[in-house]
Amino acid sequence: MKLKRILSAVAAFALCASLAGCGASASSAAESAAEPASSEAVSTVEEASPETSAESAALRVAGLKGPTTMGLVNMLTANDAADTIDFNMYGAADEVVPLLVKGDIDAAAVPANLAATLYQKTNGAVEVACVNTLGVLYIVENGETVNSVADLKGQTLVTTGKGTTPEYVLRYVLSENGLDPDTDVTIEYCSEATEALSKVQAGEATIAMLPQPFVTSALAQVEGLRVALDMKEEWQKVAGSKLVTGVLVVRKDAVDADPARFAAFMDAYQASVDAANNDLAGTAALCEEYGIVAKAALAQKALPQCNIVFETGDQMKTDLTTYYQVLFDADPTSVGGTMPADDFYYAG
């Protein structure tokens, strides 16, 4: 088992950098957890031939720096980890896409909408095995004005993710609560989370929508900032299903080559997720050790808010179908142009 330290030490430290001024850079973990990779990266890669699939003992898995990998981290130190998972971590989903499409890796923890895009671009060669992260978006306020979605009427909200899933989630929740996103709320989009937060610090705005684990870092360093709304909860109120952020997508040929190997991986993955939710201190220490989050103390605070899960079967399909439909209605290209068919959902 190995873990590539693709990101530099500077990038790994960015999450905990001082937010007192405008110079701090946003965590790549927070951004990759809340925003999808460009679909252009998918369209430029040729598919693998059937014989490309790995036949090694360990499943070759890729993860991104952030909440989706926080759920995997306990697998990396298990006694039989070397026989179960060959893991590499990357800084952005665009780095993972060509590896998965070509068959250089077997599975990857990626943004949920990217999984749907990969399914379309590979002509169904991949499937989604589980939901690993629910909603990680939160609306924070430097003040006490916002206590419900309705309270956002007439307000200015700064956020990231224009033209991507954070925007679609925000607009859906606003619309389903009777607010017109174009007239009732002034939405200002920033290039990264620290830019949005700097506007709040400067008094240019008092409300921002930000992802975890960036929110935890911001709350610890900006006096008066509080979580006003959990977008996961607000989504569930209006959609009747859970808001999804990340999933594990796997090549079908890798599953078919050794179903028992993949089943063992899934069992170990579920145990790792359970540990991430029940052993916060131990998981946080591993997050620091593997460079997923810069400091264990921050990881320990963030873990309960990162909504790490292991969701399979009918619940996975229900939550993803609802999520994809909202994205499709907003922009069909965000899920690859069409809704995924039933064979996209791993049945076990």
Side-chain angles (χ1 to χ4, degrees), residues 26 30-39 111-114 116-117 134-200 202-212 214-215 218 225-245 307 319-337 339:
E31 296 302 335
S32 63
E35 299 180 23
S38 169
S39 59
N113 72 306
L114 179 58
T117 300
L134 298 179
V136 295
L137 292 170
Y138 295 81
I139 291 179
V140 298
E141 182 189 17
N142 197 346
E144 299 290 337
T145 302
V146 178
N147 296 291
S148 68
V149 175
D151 292 336
L152 292 172
K153 186 172 185 178
Q155 301 285 354
T156 295
L157 182 150
V158 294
T159 187
T160 60
K162 183 173 177 59
T164 62
T165 53
E167 178 186 2
Y168 305 147
V169 168
L170 176 60
R171 293 178 68 89
Y172 176 75
V173 169
L174 291 173
S175 298
E176 292 298 308
N177 278 274
L179 299 182
D180 187 331
D182 297 315
T183 60
D184 290 333
V185 182
T186 300
I187 305 173
E188 296 183 359
Y189 292 96
C190 302
S191 60
E192 58 180 32
T194 47
E195 181 186 352
L197 187 62
S198 70
K199 289 181 178 291
V200 175
E204 299 174 22
T206 58
I207 305 165
M209 186 175 75
L210 303 170
Q212 285 289 4
F214 184 82
V215 169
L225 195 68
R226 69 179 183 93
V227 172
L229 299 173
D230 180 340
M231 292 300 285
K232 172 176 59 67
E233 294 179 359
E234 300 305 327
W235 172 280
Q236 190 154 1
K237 289 176 185 178
V238 295
S241 65
K242 298 172 185 175
L243 176 60
V244 178
T245 293
N307 302 312
D319 291 340
L320 282 173
T321 300
T322 303
Y323 179 65
Y324 289 147
Q325 188 65 59
V326 171
L327 299 189
F328 179 84
D329 292 342
D331 178 7
T333 63
S334 66
V335 293
M339 290 285 287

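Just so you know, these numbers come straight off a predicted model, no measurement behind them. Quick note: numbers below take in every heavy atom, side chains included, and nothing from hydrogens, waters or symmetry partners. When a residue number appears, it is its place in the shown sequence, counting from 1.
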Original post:
Which residue pairs pass the salt bridge (charged side-chain N to carboxylate O under 4.0 Å, His left out) test with at least one member in residues 229-239, sequence neighbours excluded?
Top reply: Asp230-Lys232, Glu234-Lys237

Subject >> Minimum side-chain heavy-atom gap Leu137-Pro166 below 4.5 Å >> reply: yes

**OP:** Indicate yes or no for a side-chain donor-acceptor contact from Glu195 to the backbone of Ser191 under 3.5 Å, with no hydrogens or angles considered.
**Re:** yes

Original post:
Is there side-chain contact between Met231 and Val169, with at least one heavy-atom pair below 4.5 Å?
Top reply: yes

Subject >> Whether Ser334 side chain and Asp331 backbone form a donor-acceptor pair below 3.5 Å >> reply: yes

Subject >> Atom pair CD/CG of Glu192 and Leu197 - distance to nearest 0.5 Å >> reply: 11.0 Å

Original post:
Would you say the side-chain atoms of Thr186 pair up with the backbone N or O of Thr156, donor to acceptor, closer than 3.5 Å?
Top reply: no

**OP:** Enter the distance from Ile139:CD1 to Leu210:CG here, rounded to the nearest 0.5 Å.
**Re:** 9.5 Å

Original post:
Applying ring pair (Phe, Tyr, Trp, His ring centres under 6.0 Å), which residue pairs with at least one partner in residues 174-195 are found, sequence neighbours left out?
Top reply: none

Original post:
Is a side-chain N or O of Tyr138 found less than 3.5 angstrom from the main chain of Arg226, in a donor-acceptor match?
Top reply: no

Subject >> Test item: Gln236 and Ser241 side chains (from C-beta on) under 4.5 Å apart, heavy atoms >> reply: no

**OP:** Test side-chain contact (heavy atoms from CB on, under 4.5 Å) on Val185 and Leu179 and set out the steps.
**Re:** CA-CA 8 Å; Val185 182; Leu179 299 182; 4.3 Å; yes

Original post:
Hey, what do you get for CG (Asp151) to OG1 (Thr145), rounding to the nearest 0.5 Å?
Top reply: 8.0 Å

Original post:
Say you draw a straight line from CD1 of Ile187 to CE of Met209; how long is it, rounded to the nearest 0.5 Å?
Top reply: 8.0 Å

Original post:
From Asp184 CG over to Lys153 NZ, what is the distance, rounded to the nearest 0.5 angstrom?
Top reply: 5.0 Å

**OP:** Check whether any side-chain heavy atom of Asn142 lies under 4.5 Å from a side-chain heavy atom of Val200, and answer yes or no.
**Re:** yes

Subject >> Asn177 side-chain N/O to Leu174 backbone N/O, donor-acceptor pair under 3.5 Å >> reply: no

Subject >> Rounded distance [0.5 Å steps], NZ in Lys242 versus CG in Leu320 >> reply: 11.5 Å

**OP:** Determine the minimum heavy-atom distance between Cys190 and Lys199, stating which atoms define it.
**Re:** SG-CE, 3.7 Å

**OP:** Return yes if some donor-acceptor pair links the side-chain N/O of Glu141 with the main-chain N/O of Ala228 below 3.5 Å, else return no.
**Re:** no

**OP:** Kindly indicate, with the supporting measurements, whether the criterion side-chain contact (heavy atoms from CB on, under 4.5 Å) is fulfilled by Asn307 and Thr245.
**Re:** CA-CA 9 Å; Asn307 302 312; Thr245 293; over 6 Å; no

Original post:
Is any side-chain heavy atom of Thr322 closer than 4.5 Å to a side-chain heavy atom of Gln325?
Top reply: no

Original post:
Does Tyr168 have any ring-ring contact (aromatic ring centres under 6.0 Å, His included) partners at least two apart in sequence or in another chain, and if so, which?
Top reply: none

Original post:
Is there a donor-acceptor contact under 3.5 Å from the side chain of Thr117 to the main chain of Asn113?
Top reply: yes

Subject >> Sub-4.5 Å side-chain heavy-atom contact between Asp329 and Tyr172 >> reply: no

Subject >> Student check: side-chain heavy atoms of Leu157 and Leu170 closer than 4.5 Å >> reply: yes

Original post:
Minimum heavy-atom separation for Val244 to Ala112, with atom names?
Top reply: CG1-CB, 3.7 Å

Subject >> Any Thr321 side-chain heavy atom under 4.5 Å of Met339 side chain >> reply: yes

